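These figures come from a predicted structure and were not determined experimentally. All chains are named by letter (A, B, ...) in the order of the sequence lines, taking the proteins before the strands, and each is independently numbered beginning at 1.
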Amino acid sequence: MIRIEPRTDGARHLTYGIPILSAMIALALAAIPLVLSGAPLGQAYYELFKGVFGSRFAFSEMLTRATPLIFTGLAAAIAFRARLWNIGAEGQLYLGALAAVSVGTGVFDLPAYMLIPLILFSGCFAGALGMAVPAYFKTRFGADEVVTTLLLNFIILIFVQFMLEGPLKDPMGLGWPQSSPILDQGMLPKLMERMRIHWGFVIAIVIALVAQFMLSRSTWGFRLRAVGENASAARHAGIKVRYTLMSAALISGALAGLAGVSEVAGLKGYLTSDLSPGFGYTGIVVAMLAGLSPAGVVVAALFIASVFVGADSMSRAVGVSSYLADLVVSTALLCVLLGGFLARFKVVRVKSARSLQP
Amino acid sequence: MQTQTVLSLNGLTKSFGTVSAVKDVSLDLKQGEVLALLGENGAGKTTLMNMLFGHYLPDQGSVEVSTVDDQMSPLPLGDPQAAITAGIGMVHQHFTLAENLTAFDNITLGAEPIFSFKRHKAKAEKKINDLMQKSGLVAPLDVPISALTVGERQRIEILKALYREARILVLDEPTAVLTPQEADTLFENIRSMTAAGLSVIFISHKLREVLAFSNRIIVLRHGEKVGELATKAADEGKITKLMVGTEASENKRSPAKPGAPVLTLESLCVACPSRRNSLKNVNLCVHASEIVGIAGISGNGQSTLAELVSGMTKPDSGKIILDGAEIEANEPRTMIEAGVGRIPEDRHKDGIIGHMSVAENLVLENCEDPAFQQRSILDWSAIRRRAEALCAQYDVRGPGIDAPAKLLSGGNIQKLILARVFESNPRLILANQPTRGLDMGAASSVAERLLSARENGAGVLLISEDLDELLSLSDRILVMRDGALTETASFERNAIGLLMAGDAA
């Protein structure tokens, strides 16, 4: 008979060890499908590595891929810290992108120093609005935000498709359901010549550092953590729980909205309904891998982006499906969740019927 | 009465941490007997029965149950399934029914084999109907539990135990939620069941029903068996004396010299979902340099009163006046700013944030204080310096100020809360069960802090189930019963005990 007991020794080294170990295990477990598909194992891993670190271009591609993941990872991390389960970053990302093309494609013909902030702000606002609705229903009526935010994703995606078929459709787009391109001066400048990496990455890093500072040093972060860890005691101590939850919700939504802005105004230039290959959902994995720490989000996003970019190049070189990347990411999440459980509890072997004791 | 013993508990002992809940309690139960287990809250009645039923594993002692052929055999401890198989049925104070299932499903739930395609409903229904006829416990079977009255739910709970062939029935405060009429019916039914051979242990602190319906009475106090007597030989005075004890409580107080009123509650009413916990027209005044004790059996509105004074609940009507000013928006923040220090009843749920550090928990209520933040950026070195000082001053022991607060022991968590409360120099201190679950050392340091706050001119509202604590600390004692307060004329234990039980003339 085994029994599960809470750990009392507060294993600090596990906080860092578990995510790293989980990432390694997930990568190692990818060997199983690789072998099953008959790919040469050594070469496959080599190509995966080379796809990320093999050249300046490869590395910049990885950073480009990591940019939206940092934003959505931060969105999830900040909401989750307050125990607000925002599963709707995907939808909020599209709202942000929609706002970006709404103001950035010619309605306002402004110089860059005004248009770029306007686009960024509109994206934040739209994303925050997308999260404000479920957060209001949660704090006011107790509606489960997991359900509302998740389902809103589909509603928002259909709304985006409607906008792209209708009001926002590019008249020059040869009938494709896509928006007009963002004005040249509205685009986030590139960081390096002939590479796709753009200023969105820098913004993401800066925001991650600010978020890290705010969470650990500001009174707002203090209250947010208090509400997340024990809302009842926080309320008893005079912290305004609803207000704090609402602030976390708005910031979370705004960050997810920025992910959409950065993809549209930094990379693609126009909006299509397949802008995001699930960045919003992957952001949840990033946040969990990072242990909900904003600085950790950057590291986790780089890892997951590496897996995706590396798997693409591996798939081209040895002919295995690039869906392997999804497998690695999912396995990493499972490992982190299991590891988190092992960090909080220990499994003890016992002999008698004592296991029934509470 | 038959003399066949059906159950015997031998020297059961259980402690939680350093607090011993039950100390060396032995008892025998005869067939067809109604045994009343009497005692104040926290006397160990429920803990004892939970050990019998296998919810808790005793530290020491054993349980023997008669088998079908009247032999006594030991019961494996810590195993509810074994207790059920041995014919012990328990009806908890808080029912364990699935509200969305029908009464029939609740009774058969868990008693059906897992690997069977048919439910044999007709057979089960016949058995239940037979039981209902025999015991007189009648309740509709095919409606969801949520549609039943409390009395009907309790009958379903008892039927559930009988359906599992219980020969020994344990009822934990069966009448706490019933109207007097429902209670009378219940005891009539119990009578007819015991006549048919069932043995019953019921836990109660209502003297009237204990005297009217039991055969034998066992009194517990502070986890120990302090008396056992046949009901015929008992009377209210005798039992009350056993329950509340006779030892003179040590009076640690200096003479009372109350100052101006600090807290005044004027005809306050708060409606709660549970009627007994509602406040009905409560008037109360706590003066400076005064400790006002609130006695009473738990669940009579004390927690609602505490929530009100902490700012967690808003009154439906009436006034809360602090230092002469009426409190308009009754929020925790307003109460803190008005100088109310709150020691919550459930210190783990409301008092601390377990995953945050000791230092963080110490500034939980005043992180906005300019001493700890500039422009909303926390000054961690100031916070940590203060935490070090407070931990030394209030003797909070643990793995250090950066360790999560949940790693502290119960007594140290309480000292942490005391440090937070007393450092804000409160005008009024609300102490709700401040020593519950604490060992002697921690409990006496809480008492000292409360007395020194009184010396320094604070008003203290002390809510406690521990009569000894109230008698030794309070300047005045009010008894809360059914949401209303009655001031006691004397500090005589029996008088207070009778007011608590509501049996006073």
Requested in this report: Answer yes if the side chains of A:Gln92 and A:Asn86 hold a donor-acceptor pair under 3.5 Å, and no otherwise.
Outcome: yes
Pair count under 4.5 Å, heavy atoms only, with chain A: among B:Arg375, B:Arg342, B:His355, B:Gln373, highest is B:Arg342
I'd like to know whether CZ of B:Phe372 has more than 12 heavy-atom contacts from other residues, nucleotides or ligands below 6.0 angstrom. yes
Turns out that what part of B:Ser376 lies under 4.5 Å from chain A's heavy atoms comes down to both
Comparing B:Arg420, B:Lys349, B:Glu365 against chain A, the one with the most heavy-atom pairs below 4.5 Å turns out to be B:Lys349
Is the number of heavy atoms from other residues, nucleotides or ligands under 6.0 Å of B:Arg384 CZ greater than 12?
no
Okay, B:Glu360 and chain A: the region with an atom under 4.5 Å from a heavy atom over there is both
Ordered numerically, the heavy-atom neighbours of chain B under 4.5 Å found in residues 226-233 of chain A are A:Ala226, A:Glu229, A:Asn230, A:Ser232, A:Ala233
Note: B:Arg427 and B:Ala338 closest approach over all heavy atoms is CG-O, 4.5 Å
May I ask you to check whether over 12 heavy atoms, not counting those of A:Trp199, lie within 6.0 Å of atom CH2?
-> no
Please indicate whether A:Phe125 has more than 12 foreign heavy atoms, meaning atoms of other residues, nucleotides or ligands, lying under 6.0 Å from its CZ.
-> no
So CG of B:Leu462 and CG of B:Leu430: to nearest 0.5 Å the spacing works out to 9.0 Å
Cut-off 4.5 Å, heavy atoms of chain A, and the answer for B:Ile336 is side chain
Given side chains that start at C-beta, do those of A:Trp85 and A:Asp144 come closer than 4.5 Å, heavy atoms only? no
Bottom line for B:Met312: the part with an atom under 4.5 Å from chain A's heavy atoms is both
So CD1 of B:Ile401 and CD1 of B:Ile383: to nearest 0.5 Å the spacing works out to 10.0 Å
